[in-house]
> 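Here it is: the structure, laid out below.
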Amino acid sequence: MSNDVSNQMNTSRRNFLTKAGTTAGAAVVAPGVFLTTPAAAKPADEPVDIERRWGILIDTAKCDDCSDCVTACKIENGWGSANPVEEESSPEQQAQWIRKVGLKNKSTGHVLSLPLMCQHCETAPCVDVCPTGASFKRADGIVLVDKHICIGCRYCMMACPYKARSFIHETITDQKPWAPRGKGTVESCTMCVHRVDEGKIPACVEACKADNHNAMFFGDLNDENSVISQELEKHGGEQVRADLELNTGVRYRGI
Amino acid sequence: MKLALHYREIEGKSTGFWVLLGGLGLLIGLAMGSVLHMEHAGHHVTGMNNQIVWGLPHVFAIFLIVAASGALNVASIGTVFGKSLYKPLARLSGLLAIALLLGGLIVLVLDLGHPDRLIIAMTYYNFKSIFAWNIILYNGFLALTIVYIWFMMERKMNRYYRTAGFFAFIWRLVLTTGTGSIFGFLVARETYDAALLAPMFVIMSFSFGLAAFILVLMAAYNWTQRPLGDLILFRLKNLLGVFVASVLYFVVVYHLTNLYATEHHDVERFILLEGGIFTGLFWIVQIGLGSLLPLAMLYHPTIGKSRPAIATAAALVIIGGFAQLYVLLIGGQAYPLEMFPGYEVSSSFFDGVIGSYSPSIWEIALGVGGVAISLLIVIIAIRVLRFLPETLEDEVVDPHAAKAS
Amino acid sequence: MRHPTVMRTVLRTLLAMLLALPLAAFGGEALPFSELSMSEPQRQFSETQECVQPEEEMRRNHMEYILHQRDETVHKGIRTRVYALEECINCHATRVEETGEYVRADDPRHFCAACHTYASVKIDCFQCHADVPVRESTLNTGNNSVPKDEIHGLAAELQQMLAAEGKP
Ligand code: SF4
Ligand code: SF4
């Protein structure tokens, strides 16, 4: 059990899981999916609850020009150049769930690089403005688009302060079954909700770890013993556009 | 000789009438074709992208919706504020309001990623969303205005029409505030982050709506060869002048307040100085052609009395209004989001870059189609129902004033 | 306020009636279902049961099960597999015999398309969802490992829901 997801699982629940023997905890390896510590998931038939709030902490000091997180996300969720999709769309129209942003301080010339994606805001503007309720926040803080009821009005894209969302401009085929996406709807980073529900960590965080960059931490912000909480406690972590007071689930160090 | 007020349907038999109908039908057909194409292929055939997510269709839709609530003003002045001079125009005013709103809504809906999910839009409501509230406001506006017109036309209900007119007036104010608030909620976008936007939309609606009304009125009376007296027309054009000046005032205050706040300097420099097409549209079309020129024309002692000049001024106001919404809507999106103050940013997702947008033929066809739908509704309605007074000669409009002059 | 169910039901019924109009015009002349050529599922759900619910029930109400599961999964993170669309696909996908390749959703031989084209009921599931199997099924079938509670729990819940909406 090397990641902090499993760390914070209490033992009674883990025991229960073993007994329950539901189907979801089984290690399923699909092409292109990284294997990670299995089990330790919530029982598949249990809804997520507000006990937890998932978050990601990014240490920009350890983040350089590498873009493994972006590549991992593309492969995992089936968007971008890793897949033969969105060929009709111009680069301005193609979806990007996560991107590397290069920053250069205008006065000191100091440069840094960081991955930017949906910040999973607690008081998410996208959720507030969505007319149908397709943009919503799960009990555990993950912000998603329910594409079944998204009408493609793009108001959420107008409202998001981080430009985290993309609209699908053309017909899409060969989606990953765990990451449905299609024409006329809006999408963004899901914090790999399908993996998280199975007790795994998001693909980007895993890729960052796998290459020993260790610039990303994933875990439960509500659990003070989780690695992410302790890291935040010790070294802090800022929100992008903290002035908007959105209480984002993604935090950065060194910006 | 005592002239009474009589409403009558237009004849609608001339070749010109049918040509007009056919022309509008053609435009609507083209729009429908475009919609089918955009929906089938996806929005990649449009100029819109992940930077400019609302494009030309929204400019048209918002213009029509804003103008719709303003078009009702003429009726309100007559009913709510008891100016009997405007009463003969109330029916047309209500009709134009409905027609413009429908045209605007159709454009708005047909540009959705999933227009086929209209039923979802009507059954799943997020009551926190100002957008969802607007859907309710639009429907309420349609219903109230229809009742209002009905009460005016139906003798039995006539005594209630003032009440209906009063509610319609209140509702329209709320509606335009609601439309303005769509932008007010976008806290992250600097151009829209202004409390002034909602009242500015209300005053814009007065101006655009009245301009549209004057044009339709003049065209209808001219083409049907019914008399339209100077008295009423000059009243309307003076009112338009007041509204155009008010919009201009709001625009100036809006930019001055932005210039006062340091954090908005960059975006102001973009719109006012360095924004290329947006700067050009702002100064030349919105301010020059759309505000100053019509103001001068309307208030000029001799030009202001010429009918072609009045019509031209009204048309210029409409063009200026389009430009204003284009600058506000597209320009506001083109300016990149400021996420890391003090840093230069770059990414594969066009962070820190001015967004580019060139509307496609499909979007233009859709927007124009919306205008055509509005006009078609007006024409068909005045053909089958009694919307237009047979004459609007000065004696009919206001016997006292006419005699005195 | 995500589920104004009454409103939705009313609208849906109206819509259904509208769509049914052209069908009604043909009276009883419509082809019987049995004449449709549909592909065989890849396997049985259990020794006694072919699908996750009796075939009759699935024919009539499969969309209700899928819809219910969809909301549970998307909004609550419930990831049981029995009524997951992906498992429908895993089991019901049709292969072209000569090439061994799966047919896509726009092919009339696709399991879903076969019926839906016939009944002219347009579905947009596959605008977003994969229409062919991608990863192996995690739904264990043919033995006792399928959590029966899950099946019966949902079935009971759905029956209540359908009864409330006045459907059989
Ligand atoms: S970052 Fe944007 S898309 Fe993500 S929750 Fe916040 S507002 Fe919504
Ligand atoms: S595009 Fe979809 S998710 Fe975004 S606001 Fe509109 S309906 Fe909601």
Side-chain angles (χ1 to χ4, degrees), chain A residues 67 70 86 88-96 99-108 110-112 114 116 125 127-136 148-155 157-163 165-172 183-186 240-241 243-244 255, chain B residues 39-46 48-54 108-109 111-118 120-121 123-135 182-183 185-189 192 332-333 336-352 355-357:
Chain A
S67 56
V70 179
E86 289 183 78
E88 309 275 358
S89 302
S90 68
E92 287 90 349
Q93 291 172 326
Q94 284 162 356
Q96 294 199 26
R99 60 195 190 264
K100 282 304 294 287
V101 177
L103 297 177
K104 183 167 173 223
N105 192 315
K106 280 183 202 157
S107 43
T108 65
H110 176 66
V111 287
L112 54 120
L114 51 81
L116 192 68
V127 174
D128 284 349
V129 301
C130 175
T132 66
S135 286
F136 71 101
H148 304 103
I149 53 174
C150 172
I151 54 174
C153 68
R154 285 114 62 208
Y155 196 17
M157 300 177 72
M158 292 287 282
C160 174
Y162 306 101
K163 210 160 165 271
R165 295 204 153 174
S166 302
F167 181 69
I168 303 299
H169 291 78
E170 63 177 283
T171 306
I172 304 247
K183 180 177 77 180
T185 61
V186 162
V240 179
R241 289 230 50 186
D243 58 315
L244 296 173
I255 53 166
Chain B
E39 291 316 320
H40 185 257
H43 274 61
H44 78 87
V45 297
T46 72
M48 291 178 264
N49 51 45
N50 287 328
Q51 283 61 241
I52 311 289
V53 302
W54 285 354
L108 198 65
V109 164
D111 181 61
L112 292 177
H114 268 287
D116 51 326
R117 291 187 182 162
L118 199 57
I120 290 180
T123 50
Y124 286 80
Y125 269 112
N126 168 18
F127 283 104
K128 272 186 99 176
S129 167
I130 185 76
F131 226 58
W133 279 106
N134 269 294
I135 299 175
I182 287 181
F183 299 97
F185 272 74
L186 305 174
V187 284
R189 303 216 178 232
Y192 308 139
Q333 294 174 79
L337 283 169
E338 186 82 63
M339 276 180 276
F340 302 94
Y343 284 99
E344 265 169 38
V345 293
S346 59
S347 80
S348 59
F349 204 46
F350 307 95
D351 287 293
S356 65
Y357 173 70

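A, B, ... follow the sequence lines: proteins, then strands. Residue 1 opens every chain. Please read these numbers as outputs of a predicted model, since none were measured by experiment.
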> Just to verify, what does B:R189 make a salt bridge (charged side-chain N to carboxylate O under 4.0 Å, His left out) with, not counting sequence neighbours?
none
> For A:V127, is it the side chain, the backbone, both, or neither that has a heavy atom closer than 4.5 Å to a heavy atom of chain B?
backbone
> Quick check against the 3.5 Å criterion: does A:K163 have a side-chain atom that pairs as donor or acceptor with the backbone of B:N50?
no
> On a heavy-atom basis, which atom in B:A188 and which in A:A159 lie closest, and how many Å separate them?
CB-O, 4.2 Å
> Checking A:Q96 side chain against B:S348 main chain: does a donor-acceptor pair fall under 3.5 Å?
yes
> Closest heavy-atom contact between B:H40 and A:T171?
O-OG1, 4.1 Å
> Non-hydrogen atoms of chain A under 4.5 Å away: do they reach the side chain of B:L337, the backbone, both or neither?
side chain
> Taking it one step at a time, do A:I255 and B:M339 satisfy side-chain contact (heavy atoms from CB on, under 4.5 Å)?
CA-CA 11 Å; A:I255 53 166; B:M339 276 180 276; over 6 Å; no
> Is there a side-chain contact between A:F167 and B:M48 (heavy atoms, below 4.5 Å)?
no
> Can A:T132 and B:R117 be said to form a side-chain contact (heavy atoms from CB on, under 4.5 Å), step by step?
CA-CA 11 Å; A:T132 66; B:R117 291 187 182 162; over 6 Å; no
> Could you have a look at B:F185, B:F340, B:F183 and say which one has the most heavy-atom pairs with chain A under 4.5 angstrom?
B:F340
> Do A:R154 side-chain atoms and B:V53 backbone N/O form a donor-acceptor pair below 3.5 Å?
yes
> Counting heavy-atom pairs under 4.5 Å with chain B, which one of A:P131, A:A95, A:S135 comes out on top?
A:P131
> Using atom types as modelled and distance alone, determine if a side-chain donor or acceptor of A:E92 lies under 3.5 Å from a backbone N or O of B:Q51.
no
> Among A:L116, A:L103, A:V101, A:L114, whose side chain to side chain contact (heavy atoms under 4.5 Å, CB included) with B:S347 holds?
A:V101
> Quick check against the 3.5 Å criterion: does A:Q93 have a side-chain atom that pairs as donor or acceptor with the backbone of B:T46?
yes
> If I measure from the heavy atoms of chain A, does B:I182 come under 4.5 Å with its side chain, its backbone, both, or neither?
both
> Heavy-atom distance under 4.5 Å to chain A: side chain of B:D111, backbone, both or neither?
both
> Given A:Y155 and B:I130, is the side-chain contact (heavy atoms from CB on, under 4.5 Å) satisfied, shown in steps?
CA-CA 10 Å; A:Y155 196 17; B:I130 185 76; 3.2 Å; yes
> Go through the atoms of A:K100 and report whether side chain, backbone, both or neither lie under 4.5 Å from a heavy atom of chain B.
backbone
> Rounded at 0.5 Å granularity, tell me how far CG in B:N49 sits from CE in A:M157.
8.5 Å
> Under the salt bridge (charged side-chain N to carboxylate O under 4.0 Å, His left out) test, which residues partner B:K128, sequence neighbours left out?
A:D128
> Atom CD in A:E170, atom NE2 in B:H44: separation rounded to 0.5 Å?
5.5 Å
> Checking A:H169 side chain against B:A41 main chain: does a donor-acceptor pair fall under 3.5 Å?
no
> Where does A:I172 contact chain B at under 4.5 Å (heavy atoms): side chain, backbone, both or neither?
neither
